[in-house]
S.K.: 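Quick one: the structure is below, and I'll ask about it shortly.
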Amino acid sequence: MTAAVQFVDEDIDAVLSHFATSKAQLPIDELRILDRVPLLTPEGGRYGKGEVITEMDIHPDLWFFKCHFPGDPVMPGCLGIEGLWQSLGMFLALQGFQGKGRALGVGELRFFGEVLPTAKKLQFHLNIERIVSRKWAVAVADGEVRVDGKAIYQAEKIKVGIFPETSEGFPV
């Protein structure tokens, strides 16, 4: 593992340029939903183990509004969870853990709002609860998704792992 990295008010491309040393990656094209990293720090947060805030710009012509649902466009809830997973995986990779990132689950999840085409910005906020480091690394965090400043999802025990590549795939 290399030294921990911290970011404040960075464009996602500037942050991703640091991935070359970790060999980690985020999804590409439509599934890369993160645009900015207002905060990524290995210290602080609710548990003192780190905090991540990432953002996604929302505009009416995003691909999912065209198909989910016709006549009633709304962002799929699973993409909000994907944003939390991507943010947590990015946190692990930028702390120097190497390998292939995989979403491992979420303990409890509550939806109490939605993302409509009229929204402007989605924010993913994570408080890192713990990191387990062996031959692999797993991060556990609590988080929330906000649309234009209003909390719409809460998630507890979000889990992402980074695993070494094996001939049998990645153990989870």
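Because only heavy atoms are used, hydrogens play no part in the values below, and waters and symmetry mates are left out as well, while side chains stay in.
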S.K.: So if you build clusters from Ile, Leu, Val, Met, Phe, Trp, Tyr with side-chain heavy-atom gaps below 4.5 Å, do Phe65 and Ile33 land together?
M.R.: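 Shared cluster, yes.
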
S.K.: Would you sort out whether Met90 and Thr54 count as a side chain to side chain contact (heavy atoms under 4.5 Å, CB included), showing the intermediate values?
M.R.: CA-CA 10 Å; Met90 184 173 58; Thr54 57; 3.6 Å; yes

S.K.: Calculate, to the nearest 0.5 Å, the distance between atoms CG and NE2 belonging to Asp142 and His125 respectively.
M.R.: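 These two atoms lie 10.5 Å from each other.
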
S.K.: I'd like to know if Val15 and Leu31 are part of one continuous hydrophobic network [Ile/Leu/Val/Met/Phe/Trp/Tyr, side-chain heavy atoms within less than 4.5 Å].
M.R.: yes

S.K.: Taking the side chain as every heavy atom from C-beta outward, state whether Phe124 and Val52 have any pair of such atoms under 4.5 Å apart.
M.R.: no

S.K.: CG of Asp61 to NZ of Lys66: how many Å apart, nearest 0.5 Å?
M.R.: 5.5 Å

S.K.: Take Leu92 and Val138, measure what side chain to side chain contact (heavy atoms under 4.5 Å, CB included) needs, and give me the verdict at the end.
M.R.: CA-CA 8 Å; Leu92 267 181; Val138 173; 5.9 Å; no

S.K.: Is Asn127 close to Glu51 at the side-chain level, that is, under 4.5 Å between some pair of heavy atoms?
M.R.: yes

S.K.: For the residue pair Gly80 and Val145, what are the closest heavy atoms and their distance?
M.R.: O-CG2, 3.9 Å

S.K.: Could you tell me if the side chain of Met56 sits less than 4.5 Å from the side chain of Gln86, heavy atoms only?
M.R.: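 Contact flag for Gln86/Met56 side chains = no.
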
S.K.: Rounded to the nearest 0.5 Å, what separates atom NE2 in His68 from atom CE in Met75?
M.R.: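 His68 atom NE2 to Met75 atom CE measures 10.0 Å (nearest 0.5 Å).
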
S.K.: Treat each ILVMFWY residue as a node, draw an edge where side-chain heavy atoms are under 4.5 Å apart, and state whether Ile152 and Ile53 are in one component.
M.R.: no

S.K.: Please identify which of these residues, Glu144, Glu129, Glu108, meets the side-chain contact (heavy atoms from CB on, under 4.5 Å) condition with Glu156.
M.R.: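 Among Glu144, Glu129, Glu108, the one meeting side-chain contact (heavy atoms from CB on, under 4.5 Å) with Glu156 is Glu108.
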
S.K.: Rounded at 0.5 Å granularity, tell me how far CD1 in Ile128 sits from CG in Leu40.
M.R.: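 Nearest 0.5 Å value for the CD1-CG distance: 8.0 Å.
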
S.K.: Given side chains that start at C-beta, do those of Ile58 and Leu116 come closer than 4.5 Å, heavy atoms only?
M.R.: no

S.K.: When you look at Phe91 and Leu126, which way does the side chain to side chain contact (heavy atoms under 4.5 Å, CB included) test go after all the steps?
M.R.: CA-CA 10 Å; Phe91 174 85; Leu126 293 161; over 6 Å; no

S.K.: Restricting to non-hydrogen atoms, name the atom on Leu88 and the atom on Ala141 that form the minimum distance, rounded to 0.1 Å.
M.R.: CD1-CB, 4.0 Å

S.K.: Nearest 0.5 angstrom please: Asp11 CG to Glu55 CD, how far?
M.R.: 11.0 Å

S.K.: Can you give me the closest heavy-atom contact between Gly83 and Ser87, atom names plus distance?
M.R.: O-OG, 2.7 Å

S.K.: Taking Trp85 for its side chain and Arg102 for its backbone only, find out whether a donor-acceptor pair lies under 3.5 Å.
M.R.: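 No, because the side chain of Trp85 does not come within donor-acceptor range (under 3.5 Å) of the backbone of Arg102.
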
S.K.: Start with the C-alpha distance between Val160 and Leu84, add both sets of side-chain angles, then the distance that settles side chain to side chain contact (heavy atoms under 4.5 Å, CB included), and finish with yes or no.
M.R.: CA-CA 10 Å; Val160 169; Leu84 292 169; over 6 Å; no

S.K.: So, taking the atom named CD1 in Ile158 and the one named CG in Leu109, what distance separates them when rounded to the nearest 0.5 Å?
M.R.: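 Between atom CD1 of Ile158 and atom CG of Leu109 there are 8.5 Å.
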
S.K.: Please verify the inter-ring angle class for Phe111 with Tyr153; under 30° counts as parallel, over 60° as perpendicular, anything in between as tilted.
M.R.: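 Rings of Phe111 and Tyr153: perpendicular, as their planes differ by over 60°.
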
S.K.: Without swapping roles, check the side chain of Lys157 against the backbone of Val140 for a donor-acceptor pair under 3.5 Å.
M.R.: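 No; zero donor-acceptor contacts below 3.5 Å.
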
S.K.: With a 4.5 Å limit on heavy-atom distance, are the side chains of Phe112 and Gln154 in contact?
M.R.: yes

S.K.: Indicate the atoms forming the closest heavy-atom contact of Asp57 with Leu62, along with that distance.
M.R.: O-CD1, 4.0 Å

